[in-house]
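Report on the structure given below.
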Amino acid sequence: EDKVVQSPLSLVVHEGDTVTLNCSYEVTNFRSLLWYKQEKKAPTFLFMLTSSGIEKKSGRLSSILDKKELFSILNITATQTGDSAVYLCAVCKVYNQGGKLIFGQGTELSVKP
Amino acid sequence: NAGVTQTPKFQVLKTGQSMTLQCAQDMNHEYMSWYRQDPGMGLRLIHYSVGAGITDQGEVPNGYNVSRSTTEDFPLRLLSAAPSQTSVYFCASSPRGGRSTDTQYFGPGTRLTVL
């Protein structure tokens, strides 16, 4: 059975800290791995990773994929209160004529001033 | 572009009632999906569509029906609501072709409570 597991499930840090969120997966017919940020509303897209070892960066956020060990990490440096959200990891698998997303449970990040 | 829109934002139903959650997108996306989000369980796929007239089941399809008569609209019907269907429902869409298919755009969600 396909599964995506995120850890930790929740995390409380102070502004300026660096955090690492983990995502491991067991999914057949892997296409890509995606990270989303969810702030009390719809998930918004952060990154899509398809190849191992290539780091994606956007400001203070970065992510990397290891397709051999089947995991990804999302790093956030110099955290701000605006980073408080649920971070969702999803794996897209080949499915019928397109792709199907399988989500992890999410990591709830709270950044205190 | 309005992107993906969903109505209503909130809904309370009694057990056994039926209703339709509306979803529309104006990006000419071929792929559309419905997810439900429950605490501690991430998002789970209910139904999806790869184009007008084509639908298929996801992980948790029981109790829900869909149809796709146009590219823009993808309504989700609850046939006989049950308390287990209390959840937040998200509609998503993505363009066809290559890796862009994987990046789904989500609507604002509908919070449904079944008493």
Side-chain angles (χ1 to χ4, degrees), chain A residues 1-10 21-25 27-51 54 56 58 63 65 72 85-108, chain B residues 2-7 9-10 23 25 27 29-61 68 87-111:
Chain A
E1 183 183 338
D2 296 324
K3 62 180 179 180
V4 178
V5 178
Q6 293 184 245
S7 64
L9 294 181
S10 65
L21 310 183
N22 304 293
C23 176
S24 64
Y25 63 91
V27 176
T28 56
N29 299 319
F30 174 93
R31 271 172 63 107
S32 61
L33 186 142
L34 300 99
W35 285 96
Y36 285 86
K37 179 181 181 182
Q38 186 175 26
E39 299 170 271
K40 302 291 184 191
K41 47 189 179 182
T44 54
F45 171 77
L46 292 174
F47 296 113
M48 181 171 73
L49 302 133
T50 56
S51 301
I54 298 174
K56 292 276 185 115
S58 176
S63 183
L65 172 67
S72 174
V86 174
Y87 290 84
L88 296 167
C89 172
V91 172
C92 186
K93 65 178 288 178
V94 176
Y95 194 72
N96 285 353
Q97 300 178 48
K100 171 185 169 181
L101 290 185
I102 300 170
F103 282 85
Q105 322 94 301
T107 293
E108 183 171 13
Chain B
V4 181
T5 57
Q6 291 182 238
T7 56
K9 286 188 170 56
F10 302 94
C23 174
Q25 52 90 11
M27 298 175 282
H29 285 172
E30 298 232 13
Y31 294 158
M32 296 187 75
S33 307
W34 276 104
Y35 296 87
R36 60 177 288 174
Q37 186 173 33
D38 302 296
M41 299 189 74
L43 281 82
R44 292 182 291 168
L45 182 65
I46 305 171
H47 286 286
Y48 74 100
S49 169
V50 299
I54 307 170
T55 64
D56 203 349
Q57 296 181 351
E59 303 171 66
V60 289
R68 184 99 179 267
S87 188
V88 180
Y89 292 83
F90 289 101
C91 179
S93 73
S94 61
R96 186 177 189 173
R99 291 285 179 233
S100 59
T101 299
D102 303 2
T103 308
Q104 300 196 13
Y105 297 83
F106 286 85
T110 294
R111 186 174 294 274

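Chain A is the first sequence line, chain B the second, and so forth, proteins listed ahead of strands; every chain is numbered from 1.
Residue A/E108 does not touch chain B at all, counting heavy-atom pairs closer than 4.5 Å. In this structure, chain A has a heavy atom under 4.5 Å from the side chain of B/Q37, while its backbone stays farther away. Contacts of B/L45 with chain A are made by side-chain atoms alone, with heavy-atom separations under 4.5 Å and no backbone atom involved. Proximity to chain B is limited to the side chain of A/L88, based on heavy atoms less than 4.5 angstrom apart.
Here A/P43 is the residue among A/P43, A/C89, A/G106 with the most heavy-atom pairs under 4.5 Å with chain B.
A/K41 approaches B/F90 most closely through the heavy-atom pair O-CZ, 3.7 Å. Taking all atoms of both residues into account, the shortest heavy-atom contact from A/A42 to B/G107 is CB-O, 2.8 Å.
In this structure, B/Y31 and A/K100 have side chains that are not in contact, with every pair of non-hydrogen atoms separated by 4.5 Å or more.
A distance of 6.0 Å or more separates the ring centres of B/Y105 and A/F45.
Rounded to the nearest 0.5 angstrom, B/L43 CG and A/I102 CD1 are separated by 12.5 Å.
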